[in-house]
There are 4 protein chains.
Amino acid sequence: MTSAAKRKPSAATGLQHVPQARAAKPTRRAGRQRDETAQRAILRAASEVLEEKGMAGFTIEAVAARAGAGKTTIYRWWPSKGALAMAGFLSETAPKISYANGRSALANLTHQLRRVGSVYGGASGRVLSAIIAEGQRDPATITAFVEGYAKPRRAEAKKILLAGIERGELRPDIDLEVALDALYGPIYYRMLVPVGPLDEHWAEALAAHVLNGLKKQPTAT
Amino acid sequence: MTSAAKRKPSAATGLQHVPQARAAKPTRRAGRQRDETAQRAILRAASEVLEEKGMAGFTIEAVAARAGAGKTTIYRWWPSKGALAMAGFLSETAPKISYANGRSALANLTHQLRRVGSVYGGASGRVLSAIIAEGQRDPATITAFVEGYAKPRRAEAKKILLAGIERGELRPDIDLEVALDALYGPIYYRMLVPVGPLDEHWAEALAAHVLNGLKKQPTAT
Amino acid sequence: MTSAAKRKPSAATGLQHVPQARAAKPTRRAGRQRDETAQRAILRAASEVLEEKGMAGFTIEAVAARAGAGKTTIYRWWPSKGALAMAGFLSETAPKISYANGRSALANLTHQLRRVGSVYGGASGRVLSAIIAEGQRDPATITAFVEGYAKPRRAEAKKILLAGIERGELRPDIDLEVALDALYGPIYYRMLVPVGPLDEHWAEALAAHVLNGLKKQPTAT
Amino acid sequence: MTSAAKRKPSAATGLQHVPQARAAKPTRRAGRQRDETAQRAILRAASEVLEEKGMAGFTIEAVAARAGAGKTTIYRWWPSKGALAMAGFLSETAPKISYANGRSALANLTHQLRRVGSVYGGASGRVLSAIIAEGQRDPATITAFVEGYAKPRRAEAKKILLAGIERGELRPDIDLEVALDALYGPIYYRMLVPVGPLDEHWAEALAAHVLNGLKKQPTAT
DNA sequence: ATGTAAACGAGACGGTACGTCCAGTCTTGAA
DNA sequence: TTCAAGACTGGACGTACCGTCTCGTTTACAT
């Protein structure tokens with residue numbers, strides 16, 4: 001028996017938390033089926049350990065112990081610590097960070113920035129920071145984060161920007177990618193580098209300053 | 001073992017790379033003097049290991065081996081891995097990242113952002129990323145980074161912003177701290193989270209978008 | 001889970017390699033019938049793995065893989081690694097080690113020792129060594145070996161000794177058990193502790209030296 | 001730093017328990033010196049664990065825990081479980097098994113066999129069995145046992161046999177190696193394969209039966 | 001000139017966590 | 001009811017570094 005890569009789900013990113021539709025009926029493979037209970041316990045444990053102990057205490061052994069699982073089970077489904085952290089974050093924490101969909105694009109963005117600032121300034125931010133930190137030593141982790149979390153959310157935000165341009169709220173010549181960096185980059189920055197508080201108040205000010213450069217007729221105050 | 005804390009230089013931050021003037025003559029204590037050669041070799045080795053192997057390969061043992069030093073010597077002068085990385089960065093890498101001082105504040109800031117974007121996109125960025133990552137698990141490290149690097153540089157940048165306001169180039173009602181976050185946050189973001197390239201071209205676009213919101217009479221184009 | 005001990009054949013020794021006649025027709029139980037093919041494949045695989053990889057490579061998983069069987073099937077029929085090794089040995093290797101039945105007891109014993117020495121010095125010896133080694137950590141295994149292999153063979157050899165005494169070839173006052181130890185012990189010793197070769201030549205010398213003490217009128221040379 | 005074999009003492013056998021005379025004075029190597037206390041604690045723990053728990057419970061982790069040592073320290077000095085067991089046996093148990101030196105060779109051998117039978121039938125025998133068992137899966141272990149224990153003792157016994165021949169007590173044409181196998185093989189056999197008791201009484205009977213074949217003028221009784 | 005005290009290299013030490021291998025158990029779907 | 005497949009908990013493996021601790025040597029001040 002030599003085939004090394006034994007069908008790990010989504011080996012590239014190690015995300016695998018979406019059961020990818022369970023191909024119709026027929027090809028149900030032999031052998032004991034994957035125990036969803038164990039998976040959930042592991043993901044929950046991962047999130048909890050990360051929130052409580054931080055990156056330093058986030059060891060595979062700690063997660064396994066808390067989940068009442070064997071280390072083997074973890075390694076069977078997630079290729080690395082980072083992948084596990086990501087999966088835990090995506091299944092436990094990420095759902096709490098939803099998008100708003102108010103009326104005006106400007107109001108939308110302001111509201112969204114305020115929310116994100118508030119959430120990232122709390123426990124979720126600590127989980128996120130840990131993942132990004134781990135990503136600096138393990139490329140797979142940062143890739144998983146970018147592809148599995150960052151990019152989808154940027155796509156979402158991009159829609160709001162486009163809507164704003166269409167309605168004439170925002171300048172039509174803005175570079176969307178750059179605009180996204182300008183809006184969200186500072187939040188990550190404050191989350192990772194505590195040069196000052198990361199809260200709703202600050203986020204609102206940030207929104208005001210940056211959006212001012214993106215608006216069609218910026219107020220000269 | 002008598003006095004536990006045996007006079008580690010600047011224990012709070014673990015920076016200690018500036019020999020702090022060696023108070024006059026008198027208190028020169030007995031015993032062998034600190035070997036500056038060894039210190040330099042260690043700092044250089046730290047930087048090199050960080051650049052070459054990344055965070056994953058940055059172990060005290062690796063640095064000691066490359067520097068031809070004993071682990072003891074490292075622990076004698078730096079309290080932790082993060083502190084060592086910081087010191088290495090400050091003595092080897094940071095000096096390369098200088099400030100410009102052109103004429104107009106806008107030109108100044110644009111030029112500066114372009115330079116920083118370019119430098120942080122390279123090997124120096126990898127060192128910096130590693131430090132920030134390490135800082136997520138060791139509070140002393142991130143503190144050392146904020147106090148020893150980030151804040152001084154923010155102060156420097158703040159001067160340029162103030163000069164811009166005085167000269168009427170920038171709006172007088174901007175929140176300086178928020179403006180700094182808006183300008184530099186995105187660079188750190190792209191450095192740590194590769195959602196896209198981090199180079200001069202992107203940095204210039206960023207400068208344009210953000211400064212547009214800070215200018216006195218923004219072009220409506 | 002109802003009845004724990006689910007009718008494992010001969011649980012005490014775990015031997016079970018003789019299918020014990022399958023009681024005629026009537027009590028033919030419901031459900032899929034036991035697959036004799038699988039059993040044979042497992043035993044053969046056990047023997048082969050033991051011969052080729054030695055004790056170190058003799059894992060239940062390796063045997064299952066080579067036999068194309070599930071681990072469950074092995075555990076259903078044999079209680080432990082040692083029992084499996086024993087069963088494999090008894091069904092594959094032991095049959096090759098037959099008894100001679102020449103004329104004179106002395107010639108008989110000499111011939112027999114030479115054969116045993118030769119066989120135990122080869123691949124079969126490696127299997128046997130592994131079983132005895134495993135027996136040191138698992139009492140059930142050594143018991144199975146003693147009861148299922150050693151004692152029956154000793155009984156066989158004892159008959160030859162008794163015949164020798166009756167015919168006046170051997171001294172009548174010898175302790176049969178001790179005599180058996182003296183004759184066969186050294187072979188096991190050399191098999192397990194390589195202080196020297198284990199071959200026919202050595203076995204013949206051994207026979208000469210030991211039988212000399214058991215003969216009625218030992219030659220003074 | 002790549003040199004793999006970092007000067008493990010007597011890597012071939014892994015014995016290393018004799019400090020090999022500490023080459024005169026000069027070449028005392030740099031670095032902290034080996035902690036004899038730790039070594040002794042480890043060897044003692046190894047012996048104890050082996051006696052109490054048997055081979056099954058003899059894990060490196062158990063020994064380390066009992067000795068209050070780190071696993072690293074064990075691996076630094078002994079290449080394998082078997083080597084550790086051997087070293088423990090040689091330093092703790094073996095010294096208790098001394099040689100007699102009475103007058104007649106026959107009396108000497110009888111006495112010696114009785115002693116060895118008695119000792120190997122007890123706790124020491126269990127240690128020894130475990131080592132030989134481990135030796136079946138790890139060639140280095142059995143080699144260490146043969147070279148470090150078995151052969152030296154055989155050499156000792158050989159001297160007694162030779163003395164017996166010189167004094168005319170034993171037949172001059174006996175093959176010494178074979179005679180040793182005949183005398184001691186059965187003891188190892190009974191130690192490893194419990195076909196019957198291993199005690200002084202049995203050992204005496206064994207001595208009588210085997211020596212009868214080696215004596216110059218064997219009694220016909 | 002001779003202590004004496006600190007700094008240095010080397011490297012052994014008790015530990016923690018790693019990622020892997022098997023053991024032995026349990027579950028599923030097919031035969 | 002048995003079988004192959006294979007997921008599960010769990011324990012030990014051997015390795016890599018951690019941060020601490022001697023060692024024996026080197027250096028330079030203080031006597």
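All heavy atoms count here, side chains included; hydrogens, waters and symmetry mates do not. In what follows, chains are A, B, ... by sequence order, proteins preceding strands, each numbered from 1.
- Rounded to a whole Å, the CZ atom of A:Arg137 is 12 Å from the P atom of E:dC18.
- Scanning all heavy atoms of the two residues, the minimum distance from C:Ala133 to D:Gln136 falls at CB-CG, 3.6 Å.
- For E:dC13, the OP1/OP2 oxygens have a side-chain nitrogen or oxygen of D:Gln39 closer than 4.0 Å.
- Between C:Lys81 and B:Ala67, it is B:Ala67 whose nearest contact on DNA chain E lies nearer the 5' terminus.
- Going from atom CD1 of B:Ile60 over to atom C1' of E:dA10 covers 16 Å, rounded to whole Å.
- Minimum atom distance to the side chain of A:Arg34 is reached by F:dC8, of the listed F:dC8, E:dG19, E:dA17.
- Rounded to whole Å, the distance from OH on A:Tyr75 to C1' on F:dC13 is 14 Å.
- The residue among D:Thr59 and B:Ala56 whose nearest nucleotide of DNA chain F lies closer to the 5′ end is D:Thr59.
- Shortest non-hydrogen contact noted between A:Ile42 and A:Val63 is O-CG1, 3.8 Å.
- Of the candidate nucleotides E:dC13, F:dC18, F:dC3, F:dC3 has the atom nearest to the side chain of C:Thr73.
- Within a 6.0 Å radius of CZ in A:Arg66, more than 12 heavy atoms belonging to other residues, nucleotides or ligands are found.
- Taking side-chain N and O atoms only, D:Trp77 has a distance below 4.0 Å to OP1 or OP2 of E:dC13.
- Taking both residues in full, the closest heavy atoms of D:Gly88 and D:Ser47 are given as O-OG, 3.2 Å, listed atom of the first, atom of the second, then distance.
- B:Arg76 places its CZ atom 14 Å from the P atom of E:dA10, with the value rounded to the nearest Å.
- When each of D:Gly70 and A:Phe58 is assigned the nucleotide of DNA chain E with its nearest heavy atom, D:Gly70 is the one assigned upstream, toward the 5' end.
- Using a 4.0 Å heavy-atom distance criterion, A:Ala62 is classed as making no nucleic acid contact.
- Rounded to an integer number of Å, the gap from B:Trp78 CH2 to F:dC18 C1' is 18 Å.
- Closest to the side chain of C:Glu61, from the set E:dA23, E:dA7, E:dC18, is E:dA23.
- The minimum heavy-atom distance between C:Leu50 and C:Ala85, with the atom names listed, is CD2-CB, 3.9 Å.
- Between E:dA10, F:dT15, E:dC26, one nucleotide has an atom nearer to the side chain of C:Thr72 than all others, and that is E:dC26.
- Counting only heavy atoms from C-beta on, A:Ala38 has its side chain closest to F:dC8 among F:dC8, E:dG19, E:dT27.
- Atom CG in B:Asp35 sits roughly 22 Å away from atom P in E:dA5 (whole-Å rounding).
- Taking atom CD1 of residue C:Ile74 and atom C1' of nucleotide F:dG6, one finds them 14 Å apart after rounding to whole Å.
- When each of E:dC22, E:dC13, F:dT2 is scored by its nearest atom to the side-chain atoms of D:Arg32, the top-ranked nucleotide is E:dC13.
- Counting to the nearest Å, the P atom of E:dC21 and the NZ atom of C:Lys71 are 13 Å from each other.
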